[in-house]
Amino acid sequence: MRELIDEWRLDFSGIKGQPELTQYFATMDVTEAFLNDPYDWNGPKEPHVCATEADMDGALTMQLLKRVAGTPVLFADVRHYHADRDIWDLCNSGQHATWFAARSADPAENLAKVHLYPEVFFFPAGGASVHHLAAPGRMTLARLTRLDGAYRMQLMLGEFENYDQQTNEALMKQSTREWPHAFARLDARAEDFLNRFGANHIHAVPGDHRAAVRATCELLDVTVDEFTR
């Protein structure tokens with residue numbers, strides 16, 4: 001992937017996933033996670049935005065957030081809503097950059113919380129899931145979706161939360177334990193979010209960057225659709 005990125009001079013990329021590739025080839029979860037990280041086995045580097053399932057509206061969102069926040073960007077499925085806690089499990093087979101495990105400048109601190117597990121039945125050719133639980137903290141969550149063919153930036157604040165080990169494990173097992181997880185409390189009512197949010201993927205960066213995202217969208221002539229309670 002690094003060779004292709006250099007050869008084709010790619011600013012960001014996406015890799016097609018299930019079922020066409022993962023039926024016959026090992027998954028690219030490890031590749032995607034470390035492309036999005038600020039380091040890999042060769043040392044420090046600039047994160048390269050790479051979206052799984054070749055979700056290029058997701059990649060565009062991530063590239064914008066990366067430039068605004070100057071950090072790696074989370075890529076996740078909107079996987080499960082725990083109604084009893086009013087939190088969402090943002091979970092994808094292995095796409096989360098390992099940086100989110102501790103959000104440390106020291107890769108060893110992040111990777112100490114990361115485990116590689118064999119892929120589950122969705123991916124018959126095998127490979128590794130990059131499992132971890134995202135560290136807690138305030139997040140800006142966003143996604144470029146389309147309405148009547150026009151882009152809109154769906155935007156909200158949220159908090160990533162962690163609990164005691166037993167609770168974390170129980171919550172992860174309600175979806176797919178082997179995958180990376182982020183437990184998110186959104187500044188959006190669940191029914192409003194489910195009715196309006198226009199994608200199955202969502203993206204996040206640490207901190208409150210809503211003002212910069214709004215200004216960027218104004219320059220790009222993109223409508224902002226903002227959620228709040």
Side-chain angles (χ1 to χ4, degrees), residues 1 14-19 21-23 25-41 45 47-55 58 62 71-82 85 87-137 139 141 158-185 200-206:
M1 275 300 296
I15 301 174
K16 187 74 180 79
Q18 60 179 325
L21 293 186
T22 55
Q23 187 80 18
F25 301 95
T27 62
M28 297 294 280
D29 291 347
V30 173
T31 298
E32 291 165 345
F34 280 101
L35 283 174
N36 283 299
D37 267 322
Y39 47 77
D40 61 14
W41 32 89
K45 66 174 183 64
H48 172 85
V49 162
C50 181
T52 196
E53 299 170 2
D55 177 0
M62 294 170 73
T71 68
V73 185
L74 189 82
F75 180 114
D77 295 342
V78 182
R79 185 72 190 283
H80 185 70
Y81 177 59
H82 296 279
R85 292 177 174 267
I87 61 164
W88 298 82
D89 188 351
L90 309 182
C91 172
N92 188 275
S93 63
Q95 172 74 32
H96 294 199
T98 68
W99 181 80
F100 280 93
R103 299 203 306 276
S104 171
D106 181 0
E109 288 188 36
N110 303 321
L111 292 171
K113 299 176 180 292
V114 174
H115 305 274
L116 301 184
Y117 290 118
E119 290 288 11
V120 295
F121 68 92
F122 295 111
F123 311 110
S129 275
V130 187
H131 168 87
H132 57 84
L133 177 59
M139 296 282 155
L141 297 104
E159 292 278 342
F160 282 0
E161 299 183 355
N162 287 179
Y163 313 105
D164 62 85
Q165 184 174 356
Q166 184 177 359
T167 301
N168 289 337
E169 285 290 323
L171 292 172
M172 287 189 285
K173 286 177 179 177
Q174 290 188 47
S175 56
T176 305
R177 195 257 179 214
E178 294 84 354
W179 294 0
H181 297 259
F183 300 138
R185 188 175 303 278
N200 66 314
H201 294 148
I202 194 168
H203 315 284
V205 287

Can you see which heavy atom on A135 is nearest to which on N162, and at what distance? CA-OD1, 4.2 Å

Which heavy atom of P206 sits nearest a heavy atom of R103, and at what distance? CG-CD, 3.6 Å

Does a donor on one side chain and an acceptor on the other come within less than 3.5 Å for T176 and R79? yes

Quick one: do E169 and R177 make a salt bridge, cutoff under 4.0 Å? yes

Just checking, R185 and F160: is the charged tip under 6.0 Å from the six-membered ring centre and within 45° of the axis? no

Main-chain N/O of W179 paired to H131 side chain as donor or acceptor, under 3.5 Å: yes

Regarding S93 and D29, is there a side-chain donor-to-acceptor distance under 3.5 Å anywhere? yes

Would H96 and H132 count as a side chain to side chain contact (heavy atoms under 4.5 Å, CB included) here? Give the steps. CA-CA 8 Å; H96 294 199; H132 57 84; 3.5 Å; yes

Among side-chain atoms of N92 and D77, is any donor-acceptor pair under 3.5 angstrom? yes

Is the backbone of H80 close enough, under 3.5 Å, to the side chain of H82 for a donor and an acceptor to pair up by distance? no

Specify the closest pair of heavy atoms between C50 and E32, including all atoms of both residues, with the distance to one decimal. SG-CG, 3.9 Å

Which value, rounded to the nearest 0.5 Å, describes the distance between C91 atom SG and E178 atom CD? 9.5 Å

What's the verdict on ring-ring contact (aromatic ring centres under 6.0 Å, His included) for H203 and H201, showing C-alpha distance, side-chain angles and the deciding distance? CA-CA 7 Å; H203 315 284; H201 294 148; 7.0 Å; no

Between A102 and E109 the two heavy atoms that sit nearest each other are CB-O, 4.0 Å

From CE (M62) to CG (D55), nearest 0.5 Å: 9.0 Å

Within a strict 4.5 Å, meaning less than it, do heavy atoms of the W99 and N36 side chains meet? no

So does Q23 have more than 12 non-hydrogen atoms from other groups sitting under 6.0 Å from CD? yes

Centroid separation under 6.0 Å, is that true for the rings of W41 and F34? yes

Pair V205, T71 - check side chain to side chain contact (heavy atoms under 4.5 Å, CB included), show working. CA-CA 7 Å; V205 287; T71 68; 3.7 Å; yes

Compare every heavy atom of G127 with every heavy atom of T27, then report the nearest pair and how far apart it is. OG1-CA, 3.8 Å

With a 4.5 Å limit on heavy-atom distance, are the side chains of L133 and N168 in contact? yes

Determine the sole option in M28, M1, Q95 for which the side chain to side chain contact (heavy atoms under 4.5 Å, CB included) test with L35 is passed. M1

Show the numbers, then the answer: is there a side chain to side chain contact (heavy atoms under 4.5 Å, CB included) between L90 and L141? CA-CA 11 Å; L90 309 182; L141 297 104; 3.8 Å; yes

Any F122 side-chain heavy atom under 4.5 Å of T22 side chain: no

Determine whether V130 and V114 satisfy the following criterion, side chain to side chain contact (heavy atoms under 4.5 Å, CB included), listing intermediate values before the conclusion. CA-CA 7 Å; V130 187; V114 174; 3.7 Å; yes

I want to check something: taking the side chain as every heavy atom from C-beta on, are F75 and V49 in contact at a cut-off of under 4.5 Å? no

Regarding T98 and D37, is there a side-chain donor-to-acceptor distance under 3.5 Å anywhere? yes

Quickly, which of Q165, Q166, E161 forms a side chain to side chain donor-acceptor pair (under 3.5 Å) with Y163? Name it, please. E161

OH/Y117: more than 12 non-hydrogen atoms of other groups inside 6.0 Å: yes

For A101 against N110, the heavy-atom pair lying closest together: CB-O, 3.6 Å

Distance-only donor-acceptor check, side chains E119 and S129, under 3.5 Å: yes

Donor-acceptor pair between Y81 and D89 side chains, under 3.5 angstrom: no

